[in-house]
Amino acid sequence: MKQLDTKLMHPAEQIKVIIGRIYRSGMTTTSGGNVSIMDDNGDMWITPSAIDKGSLTERDIICVKADGTIVGPHKPSSEYPFHKAIYQMRPGMRSVIHAHPPALVSFSITHQIPNTNIIPQARRICGKIGFAPYACPGSQELGQKIAAEFRNHPDYKAVIMENHGVVLCGEDLMDAYQRFETLELCARTELNAKVLGNPTYLTDEQIGQHEASLPTDYPHFMGVTYPSDERAIRTDICRIVRRSCDQGLMISTYGTVSVRWRGNDFLITPPGLPRWDIEPENIVQVKNGMVEAGKIPSRSVAMHQAIYQSNPHIDSIILTQSPALMGFCTSGVKFDVRTIPESWIQLQDVPIVPFGLQYEDPMAIPEMTKKHPCLLLANDSVLITGKKLIDTFDHLEVAEFSAKSLIMAAPIGKLKPINDKEIEELRIAFHVGE
């Protein structure tokens, strides 16, 4: 069952799902943030004022009728005025999210806007970002200033609020949430890259070439069968994808998981679906280089296929954009896992792959995965390979935790990696590379 169905779920239920996800992801506090939906009747459904965001139920969500009548057990959010103002300025928008995610607040209080060209898909998802001058929270003045940004710039769907946070709108709640989540990932990635060194940004031309290079036409096959071992893989993939989303290792708009099935045949996640809503029926079977009829595989399917064909020892792949690792991907700074013995044992040395290499030389990455279970694709993603899917997921967790530790260490002093002799001891003791 989908966690969020914007067509069939009641607005109150949708809001409960998303404000709960925002809270559990550490992107707002018990008292902070608000979410609203404008329904087809002209009624606005909105989170209540001063009610614990970590335990909201559908009954707590307030309905502000088109005539101004308030229905519900609480007062509507104190930020209701700017929600109303946005809907008036942008009648095509049906949902608004306001919150105080730490990275975006960092930009807010330094009066800056994240550069969405730091990762390929962000500019398309987030669009241009506005900046609204300060006004007292909950005031009509704040509503007017935010509404002015949306009115004067019809292409804006996200606005940084000076010394406050961020507000985003969307055609439905999923559209608004994915924009919110992606923009926060951009902000966290850029901040991590700045701690490490200097971020590298993609040009508009590079982003365009990246989008154009992704394959969209695949040969299909009929007569698909689903033996029990194949079904088990589908379930495992869905479980790991949801776990990745819950742990902040994957966002709803980005992340691919595949698992070898038989020979070089494998199963892979599809594009275009919120990652935490992927079900076993959505997983795509790839057999003899062809895709099961009626389905579309991840746009990185060709790279997965080449990796499996070139590496019999690899049985699962995860491609994602976890924020600490993306700090290394976008700064060009070496991700030196020789600083932590357990990390080196699992990951070994981690190279950074130039942006777009997978299109210029399709066999380069498959060749690199023969020796490196973790690759950083510059300004793109992190690629993790392994045997069992749970072990590959563990590699991802270890890599992200290690990246966090290295970023936290950067302000303290120079890293002190272990030496070559100690690495050789690890290689022998743990049979690394055998």
Query - Exceeds 12 heavy-atom contacts within 6.0 angstrom, atom CE of M290 - result: yes
**Report entry** Residue pairs involving residues 168-181 (criterion salt bridge (charged side-chain N to carboxylate O under 4.0 Å, His left out); sequence neighbours excluded)
**Finding:** K157-E171, D175-R179
Query raised in the report: If you measure only the distance, is there a donor-acceptor pair under 3.5 Å linking the side chains of Y218 and E292?
Result: no
Query raised in the report: Should the pair Y308 and F266 be assigned to parallel (<30°), tilted (30 to 60°) or perpendicular (>60°) ring geometry?
Result: tilted
Requested in this report: Apply the salt bridge (charged side-chain N to carboxylate O under 4.0 Å, His left out) test between E279 and each candidate in R242, K2, R234, R239; give the one that qualifies.
Outcome: R242
Requested in this report: Taking S316 for its side chain and K387 for its backbone only, find out whether a donor-acceptor pair lies under 3.5 Å.
Outcome: yes
Query - Whether H83 and Y87 hold their rings parallel, tilted or perpendicular, with breakpoints at 30° and 60° - result: tilted
Query raised in the report: Would one find more than 12 heavy atoms of other residues, nucleotides or ligands at under 6.0 Å from atom CZ of F401?
Result: no
Query raised in the report: Any Lys/Arg nitrogen of E281 or R231 sitting under 4.0 Å from an Asp/Glu carboxylate oxygen of the other?
Result: no
Query raised in the report: According to the salt bridge (charged side-chain N to carboxylate O under 4.0 Å, His left out) rule, which pairs have a member within residues 390-403, sequence neighbours left out?
Result: none
Query - Pairs touching residues 121-137 that satisfy side chain to side chain donor-acceptor pair (under 3.5 Å), sequence neighbours left out - result: Q121-Q321, R123-D204
Query raised in the report: Do T182 and T253 have side-chain N/O donor and acceptor atoms under 3.5 Å apart?
Result: yes
Report task. Decide, yes or no, whether a salt bridge links E149 with K145 under the criterion of side-chain N to carboxylate O below 4.0 Å. Result -> no
**Report entry** Donor-acceptor under 3.5 Å (Q140 side chain, P81 main chain)
**Finding:** no
Query raised in the report: Hey, what's the ring geometry for H111 with F131, parallel, tilted or perpendicular (30° and 60° as the breaks)?
Result: tilted
